[in-house]
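Please read the structure below before turning to the comments.
The figures that follow rest on heavy atoms only: side chains count, while hydrogens, waters and symmetry mates do not.
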Amino acid sequence: MSKRGDARVDPVVHVDARLVATRPAGDYQYMTFAAPGVPDLARPGQFVALTIGGPAPLQTARPAHLLRRSFSLHAVSPAADRSEEDILDIVVAANGPGTQWLVNLQVGESVDLVGPMGRPFPLPRERVSCVLVGGGYGSAPLFWLASALRERGCRVELVLGAATKDRLFGVDKAQRYADGVTVVTDDGSRGRKGWVSDVLPEVLRKSDASVVYACGPMGMLESVTRISGEFGAVAQVAVEESMACGIGVCMTCVMPIRGNDGVTRMLRSCVEGPVFRGDRVRWDAYDQGWAAVPADTYGAPHAQGGH
């Protein structure tokens, strides 16, 4: 694996991925692709980037289709022999014309795919208790992670939250992946009524967890990081920044991260992330999901007239 901040050295493949199955999952679409070579390389927390809109020439492409879309890997199934195919699963929320095009693909159609990309979740070296927190379809990568943790003998508690029951993902199969499951919705339409931050202290107290893994909206990740610290647990968060290129070139997904030396730098979510230690993220720089460049960031511009 590449060191944080270095150029990518992990293997990545570029393939035509064929859609082999697709079905609704609440407000989301569960999509399965045959993607040769990707499953063998992938690890929990990584993502794939898909071209949107088909093979139309650039000059005729719709603006909403020019950039790739990135999706966390929900599950992978490497081929056992030559008679099988390499399979991967993603979960898609159709929030705009690009993702709407994607969920309307028919079985048998193909899409240009690059992956696996990004830094995976770091796995503990010893058997420890872990809590996994997912917000909305941010829970998608946590099921594969849960399996990997349990294979290492770790205890796993899952916390799944969303605004409504239709915005939850994976509740019906969560018991197969975890030793305990807590479900919470803003409106109380499934599970307990409230936010993830309302139930997390209770789960941490019960599980005595050493590590908390989380994926979801930035506001949720901030609260998970804060609460985890209060209980002496390390938070590892997979951020949901928009990634236009997915390979670290466009710099649209940069965010302020404090390094081991205490210096804040603007790092790329798609390369140095999407997984970061929660206590290294400069949450103070965020306002309604958008991050400013803190004044003490390395290389930040200084006010005119300063010395």
How would you list, by chain and number, every residue that makes a ring pair (Phe, Tyr, Trp, His ring centres under 6.0 Å) with Tyr177, sequence neighbours excluded?
Phe143
Which residues pass the side chain to side chain donor-acceptor pair (under 3.5 Å) test with Asp112, not counting sequence neighbours?
His14, Thr51, Arg68
If you count heavy atoms of other groups shown closer than 6.0 angstrom to CG of Asn260, is the number above 12?
no
Set of side chain to side chain donor-acceptor pair (under 3.5 Å) partners for Asp296, sequence neighbours left out
Arg282
Only pairs at least two apart or in different chains count here, so list each ring-ring contact (aromatic ring centres under 6.0 Å, His included) that has a residue in residues 17-37.
Tyr28-Tyr137, Tyr30-His74
For Trp195, does the CH2 atom sit with more than 12 other heavy atoms under 6.0 Å from it, leaving out its own atoms?
no
Show, in sequence, the C-alpha distance, side-chain angles and deciding distance for Ser197 and Ile227, and conclude whether the side-chain contact (heavy atoms from CB on, under 4.5 Å) test is met.
CA-CA 8 Å; Ser197 55; Ile227 296 169; 3.8 Å; yes
Once you round to the nearest 0.5 Å, how far does CG of Leu149 lie from CD of Glu157?
12.5 Å
Return a table of donor-acceptor pairs under 3.5 angstrom between the side chains of residues 183-194 and protein atoms on other chains or two or more places apart.
unit_1	atom_1	unit_2	atom_2	d
Thr185	OG1	Gly188	N	3.1
Thr185	OG1	Ser189	N	3.1
Thr185	OG1	Arg190	N	3.2
Thr185	OG1	Arg190	O	2.8
Asp187	OD1	Ser189	N	2.9
Asp187	OD1	Ser189	OG	2.7
Asp187	OD2	Ser189	OG	3.4
Ser189	OG	Lys165	N	2.9
Arg190	NH1	Asp172	OD1	3.2
Arg190	NH2	Asp172	OD1	2.9
Arg192	NH1	Glu202	OE1	3.2
Arg192	NH1	Glu202	OE2	3.4
Arg192	NH2	Glu202	OE1	3.3

Quick check: are there more than 12 heavy atoms from other residues, nucleotides or ligands sitting under 6.0 Å from CZ of Arg127?
no
State whether the side chain of Asp86 and the backbone N or O of Ala79 hold a donor-acceptor pair below 3.5 Å, judged by distance alone.
yes
What residues, two or more places apart in sequence or in another chain, satisfy ring pair (Phe, Tyr, Trp, His ring centres under 6.0 Å) together with Phe121?
Tyr213
